[in-house]
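What follows is a set of notes on a single structure, which appears directly below.
Numbering of residues begins at 1 and proceeds along the displayed sequence. This structure is a prediction, so every number in the text was calculated from the model and none was measured.
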Amino acid sequence: MTTASICTIGDEILIGQIVDTNSSGIAKALNNIGIQVSEMRSIGDRHDEIVGSLTTLLSNHDIVITTGGLGPTKDDITKAALAELSGSKTYVLHEGQDKEMRRILHSRGLDILDSNLQQAMVPDTCDVIVNRYGTAPIMVFRFNESRFGHKAVLYSMPGVPFETMNALPDVLDDIRSHFHTASIYHRNIMTYGLAESALAKKIEAWETSLPSDMHLAYLPSTLTGVRLRLSIYGGEKQEQEKRIDKEIEALRTIIGDYIYSDTDDTLEHALGELLRASGKTLSAAESCTGGEISHLITTVAGSSSYYLGSVTSYAIPVKEKVLGVPHETIETFGVVSAEVAAAMAAGVRKLTGSDYAVATTGLAGPGGGDGVYPDGTVFVGVADSKGDLHTKMFQYSNDRKRNIERFAASALHFLFTIVKNDLKH
């Protein structure tokens, strides 16, 4: 299989001044055309480091894509390093990029400086893909087998994300015309409720029995749980799909209760699909999550068809006066309790007229504990379409922001399981 590496060039990435979004976008695009990215690297604006690192990457990969270091200022030294790497003796004017550079600067009402003119000068050892979105060209250096032991191509792209991602399709076209591309098939199984280590232990035998050409990756997330990604490199797509479907069905017999989707999905989207398909509606009452559940639900396009609204009942009087939580319930059980969570869910369901309602009350921390439960405790209440009440306690030990995120995700998953089981009957 054709392999590739991605190398970002620039001190601004290494010192954390900017976030590298180019690498993930390029990797995803290469994966989609059947090129396996096996390495990513970031290096600084130092001539010898650029030459040395790219020599190593070209020795180990068929394709190397670099971004950055191609601007009009003196600290952009990538072109000179690439000239040395490729054995260039002189620079030549690329008329196509020169024309494009002039058009772009004129359209912006900018003067054409000598430094801009230099951007259209390229090493005589490279081909050029005209950059229609910026002034620096995309330089393509092709090396035969005598240099690195295999055919290798280096694509030098600008670092501005707008230019990089818009020019990327032209680079992909060139790759397709010079390299064999194989199919790569990925399938994501979304799980929630098991920590990564516990999940790995539970499916250990299943994982061990996977075919040798099928690869499994664990991708944990606070908001979505643990994503299991199954991958096959090479082969016919339809056959790949059938084989992975078979493995997923086997997995369901082991952890079916923890799987909420077999596509790259989120809890809020999976829940929304259930509600939309059944014509059911939802509301929320939030205390410790402070609107996080409502925020997640409304990030889904079309959520207005099933989500009626929420009450952020942070203070006790709001719980009592708006949601109708009995004062005696709070006095007897405490505001952080299963009983109050249930009463909040029942109250907001009655208030909005929704089929389902979810509620949270807990301690996100730090401090403010009630002396009964530690920080990181949340009670989730769910009122179902029949008016029956369900509660569950979750406990985490993260900082305040992470606790709130986990409270919200746990509430959504608890609600999802109830709605899913309810709709089966």
Side-chain angles (χ1 to χ4, degrees), residues 1-9 20 22-43 50-51 53-70 78-79 81-83 85-88 94 96-97 122-133 136-159 163-186 213-215 217 229 231-241:
M1 172 168 284
T2 302
T3 63
S5 63
I6 302 167
C7 182
T8 56
I9 301 172
D20 171 29
N22 287 333
S23 292
S24 61
I26 294 170
K28 187 177 294 184
L30 290 173
N31 179 80
N32 287 340
I33 66 168
I35 304 295
Q36 183 177 2
V37 176
S38 55
E39 185 173 355
M40 290 184 183
R41 185 179 297 194
S42 293
I43 57 178
I50 294 172
V51 174
S53 292
L54 294 182
T55 298
T56 300
L57 292 175
L58 287 163
S59 299
N60 297 327
H61 303 86
D62 305 301
I63 298 167
V64 175
I65 298 181
T66 69
T67 65
L70 299 178
T78 299
K79 187 189 296 184
L82 295 178
L85 177 67
S86 62
S88 172
H94 191 273
Q97 191 63 53
V122 299
D124 60 355
T125 49
C126 77
D127 295 333
V128 169
I129 297 174
V130 174
N131 177 11
R132 303 188 302 277
Y133 304 92
I138 299 161
M139 295 177 289
V140 185
F141 298 85
R142 307 186 195 278
F143 301 92
N144 57 35
E145 293 184 4
S146 63
R147 179 65 186 277
F148 297 108
H150 60 273
K151 182 177 72 172
V153 179
L154 185 151
Y155 297 88
S156 175
M157 300 188 70
E163 295 182 35
T164 306
M165 299 316 297
N166 278 289
L168 186 56
D170 293 332
V171 171
L172 297 179
D173 286 342
D174 189 85
I175 289 173
R176 288 190 190 95
S177 66
H178 288 86
F179 289 93
H180 170 70
T181 58
S183 63
I184 301 177
Y185 186 66
H186 297 297
D213 64 340
M214 196 175 294
H215 307 279
R229 188 186 65 221
S231 305
I232 304 178
Y233 297 88
E236 295 296 326
K237 183 176 181 181
Q238 288 186 337
E239 181 61 26
Q240 292 172 339
E241 290 177 348

Derivation and outcome, side chain to side chain contact (heavy atoms under 4.5 Å, CB included), residues Phe141 and Leu85: CA-CA 9 Å; Phe141 298 85; Leu85 177 67; over 6 Å; no

Chi angles and distances behind the side chain to side chain contact (heavy atoms under 4.5 Å, CB included) call for Asp174, Arg142: CA-CA 12 Å; Asp174 189 85; Arg142 307 186 195 278; 2.9 Å; yes

Verdict with supporting geometry, Val153 and Val140, side chain to side chain contact (heavy atoms under 4.5 Å, CB included): CA-CA 7 Å; Val153 179; Val140 185; 3.6 Å; yes

Would you sort out whether Asp170 and Val130 count as a side chain to side chain contact (heavy atoms under 4.5 Å, CB included), showing the intermediate values? CA-CA 9 Å; Asp170 293 332; Val130 174; over 6 Å; no

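In this structure, the ring-ring contact (aromatic ring centres under 6.0 Å, His included) partners of Phe148, at least two apart in sequence or on a different chain, are Phe143. Legend: residues meeting ring-ring contact (aromatic ring centres under 6.0 Å, His included) with His215, ordered by chain and number and at least two apart, are Tyr233. With sequence neighbours excluded, the residues that form a salt bridge (Lys or Arg N to Asp or Glu O under 4.0 Å) with Glu39 are Arg41. Residues passing the salt bridge (Lys or Arg N to Asp or Glu O under 4.0 Å) test with Asp124, sequence neighbours excluded: none. For Arg147, the salt bridge (Lys or Arg N to Asp or Glu O under 4.0 Å) test picks out no residue, with sequence neighbours left out. Arg229 pairs by the salt bridge (Lys or Arg N to Asp or Glu O under 4.0 Å) definition with nothing, not counting sequence neighbours.
Nearest approach of Thr164 to Gly159, heavy atoms of both residues: OG1-C, 3.7 Å. The minimum heavy-atom distance linking Met1 with Gly34 is given by the pair CG-O, 4.2 Å. For the pair Ala29 and Leu168, the tightest heavy-atom approach, listed with the atom from each and the gap, is CB-CD2, 3.5 Å. Across all non-hydrogen atoms, the minimal contact from Lys151 to Glu145 is N-CG, 3.7 Å. Heavy atoms only, all atoms of each residue included: His150 and Ser59 are closest at CE1-O, 3.0 Å. Summarising the geometry of Met157 relative to Ile65, their closest heavy-atom pair is SD-CG2, 3.9 Å, with the distance given to 0.1 Å.
Side-chain atoms of Asn131 do not come within 3.5 Å of backbone N or O of Ile138 as any donor-acceptor pair. For the pair Ser86 (side chain) and Ala83 (backbone), a donor-acceptor distance under 3.5 Å is present. A donor-acceptor contact shorter than 3.5 Å links the side chain of His94 to the backbone of Gln97.
Within the model, atoms CG of Leu172 and CD1 of Ile35 stand 9.0 Å from one another, a figure rounded to the nearest 0.5 Å. Taken from OG1 in Thr3 to NE2 in His61, the straight-line distance is 5.0 Å, to the nearest 0.5 Å. In this structure, CD1 on Ile33 lies 5.0 Å from CD1 on Ile175, to the nearest 0.5 angstrom. For the atom pair CD (Gln240) and NZ (Lys237), the distance works out to 8.5 Å, reported to the nearest 0.5 Å. Note that CZ of Arg176 is 13.0 Å distant from OG1 of Thr2, once rounded to the nearest 0.5 Å. One finds the CG atom of Leu54 at 5.5 Å from the CD1 atom of Ile9 (value rounded to the nearest 0.5 Å).
For the pairing with Thr66, the side chain to side chain contact (heavy atoms under 4.5 Å, CB included) check across Pro158, Ser5, Ser156 returns one residue only, Ser156.
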